[in-house]
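Notes follow once the structure below has been shown.
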Amino acid sequence: MKNSEIAGVFQDMADLLELKEENIFKIRAYRRAAQIIERLPKEMSAMVEQGEDLQKIAGIGEAIAKKSAELIYSGKLEAYENLKAEFPEGITNLLEIPGIGPKTAHRLATELMISSAEQLEQAIREGKVAHLFRMGDKTAQNLLRQIQTMRRKDQRIPIGEALPVVEDIIHILRTFHGVKNMTSAGSLRRFRETVGDIDIMGTADDPEMVINEFVALPQVKEVLAKGPTKASIIIPPRLQADLRMVDHDSFGSLLQYFTGSTQHNISLRTKEQKKGLKLSEYGITDAATGMLEKFATEEAFYGRLGLQYIPPEIREDQGEIELAEGNDIPRLVDITDIRGDFHVHTHWSDGTHSIEEMARAAKAVGYHYIVITDHSRGRGIARGLNEERLRRQIQEIRALNQQIEGFRILSGIEVDIRADGSLDMPDAVLADLDIVVAAVHSSFNQAEERITRRIIHAIENPHIDIVAHPTCRLIGEREPTAVNTEAVFHAAAKYKKVLEINAMPVRLDLKDIHTYRAREQGVMLAIGTDAHTVNQMQLMRFGIGVARRGWCQPQHLLNCLPAEKVLAFFKR
DNA sequence: GCCGTTTTCGGCCCGACTGTTTTCAGTCG
């Protein structure tokens, strides 16, 4: 059983326990455990197999470790089944409706026999809900509205879709008169791969005026709410953005609060509470004196707690607070550290621009080199290169390198790893290239053992340098393959091969927790934009976001090395 | 249910909003 499934069971159990009005801290323990398991860099099943003690994981104690093992061994959990049997089927669906918590769900289920949004909608229309104790017409109508908006709004939005839109808006807001601060918060700022609603925070001399101009932006399709300091809008096709205007002198603590993550903040507060400090979005209160101290910047906020500044990308309660206490937060990699791009297509295969155009674009953004990695012929659809065309391309690259000064084009290929693990280009040709990138583009449904062996086989090939998008997922479109990432990391470390962080927002593959884990296993990583046009080379920052969430420093990324060192790394 | 430079027992983040009520319960982020 996969971690995500185990986490799902505990999440569900937390909901059910809440309906049962169990001890709130027990419920939180389940919920916390679910979150931790979800983000675990390693499959629990593998840990159990290797005899590791699940209780070593912070937040997992005796009971949950035992239950996890039961799920892994039998695929079932007795305690969970018993719990489910106590309630009408589907009751937890009600909890997904905003405005319905455990108390309301329980009452709806027991008093009106409701267990779905559809049934609730009908009951509201029939006037049954408004008659319940402590409910009224207004509450009922609000629930109805929530059900309807819930139907319209689908899940979380990929960061690649949200970020440009939000940046555009922030850019405009910053030009407004009297605006001092304006920045995004929440999961967008932490650079999670998908985001829910967008939070924007700002300060200005005249906050209300900024709010007025915000809701009047041409992008705005609908204004959900508007007050003197806060407004909520919808931007087509499906983005909800909230703007909060706050006091300048407490901007730091507010930004910190709204950036989260929730777990990071809870951890921080618990720690400080023991020292007699009460943390809130308004600042820090000394419990002894009752004095509230405000903070204009996050740096000052963390500083007051004796903590080093913690970059938003790693505020996930993964040990960053402890490191900040000792001033040991690593210097995370930054876009300015990047000297080259390892995955670039041209019109030789399915790209739009010429090698020279891609090279000049790369030079313009400050890179020192790029690796041209057009597809091999296995990708029939992508006009893949055969041996002869690849040799001609190598010639053209050599010629171009004479013309473009202070820049180096490295010859490469994105060679197909066939279903059986063999490569789509003879070794002799691969030997003539500067860098060989290999990737799976077919037979995504292979079973774990088969797909894992397929990739490791490629890693063992002495001509292969980098494995691109190792799990082949497309966010919201295609699930990752069943590949055993741990085994791949192990092989990559053993053979000193590099794994790609593919920066295309729909891929982000390796993803954050894989990046974290691979780096810990000693695997060298490389960001590739997979650019098919000159503009797509700008996607590098999405790869940087993933790398930072994986706690990467410059020495963990091949992109931070000069070209000679890159070639030396591969012994070419 | 988890956890421990106060603790193996007794704690567990903090505040705001809404709608229903005459002081607060429930939900949210």
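Each chain gets a letter, A, B and so on, in the order its sequence line appears, and its residues count up from 1.
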Sugar-phosphate only, base, or nothing, as touched by [X] at under 4.0 Å among non-hydrogen atoms:
| X | result |
| --- | --- |
| A:A58 | sugar-phosphate |
| A:S267 | nothing |
| A:Q273 | sugar-phosphate |
| A:L279 | sugar-phosphate |
| A:D242 | nothing |
| A:I284 | nothing |
| A:N142 | sugar-phosphate |
| A:F258 | nothing |
| A:L268 | nothing |

Checking side-chain polar atoms at under 3.5 Å, does [X] have a donor or acceptor matched by the opposite partner on [Y]?
| X | Y | result |
| --- | --- | --- |
| A:Q256 | A:N265 | yes |
| A:S267 | A:D317 | yes |
| A:H490 | A:Q521 | no |
| A:S232 | A:Q240 | yes |
| A:K42 | A:Q50 | yes |

_Contact boundaries on DNA chain B for chain A, cut-off under 4.0 Å to non-hydrogen atoms_ =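 Contacts span B:dG1 to B:dG29, reading 5' to 3'.
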
Expressed as a whole number of Å, how far does the [atom1] atom of [N] sit from that of [M]?
| N | M | atom1 | result |
| --- | --- | --- | --- |
| B:dG10 | B:dG15 | P | 26 Å |
| B:dT8 | B:dC2 | C1' | 12 Å |
| B:dT6 | B:dG11 | P | 16 Å |
| B:dT20 | B:dG26 | C1' | 10 Å |
| B:dT18 | B:dC13 | P | 25 Å |
| B:dC12 | B:dT22 | P | 30 Å |

*Taking for each residue the nucleotide of DNA chain B bearing the nearest heavy atom, is the 5' side occupied by A:R244 or by A:L277?*
A:L277

*A:T139 vs A:E281, nearer the 5' end of DNA chain B by closest nucleotide*: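 Between the two, 5'-proximity favours A:E281.
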
*Compare every heavy atom of A:I310 with every heavy atom of A:E320, then report the nearest pair and how far apart it is.*
CG-CG2, 3.8 Å

*Of all the heavy-atom pairs spanning A:A547 and A:I527, show the shortest one and how long it is.*
CB-CD1, 4.3 Å

*asked:* Using the ring-ring contact (aromatic ring centres under 6.0 Å, His included) criterion, which residues pair with A:F191? Sequence neighbours excluded.
replied: A:F542

*Hey, can you tell me if A:H106 and A:F87 have their rings parallel, tilted or perpendicular (30° and 60° cut-offs)?*
perpendicular

_Distance under 6.0 Å and angle within 45° of ring axis: A:R304 vs A:Y309_ = no

*Counting Watson-Crick and G-U wobble pairs only, both distances under 3.5 Å, name the nucleotide matched with B:dG10, or none.*
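Across all strands, the one nucleotide that pairs with B:dG10 is B:dC3.
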
*Scan residues 59-86 of chain A against DNA chain B and write down, sorted by residue number, each residue with any heavy atom closer than 4.0 Å; if none is found, say none.*
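Correct list: A:G59, A:I60, A:G61, A:E62, A:A63, A:I64, A:K67.
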
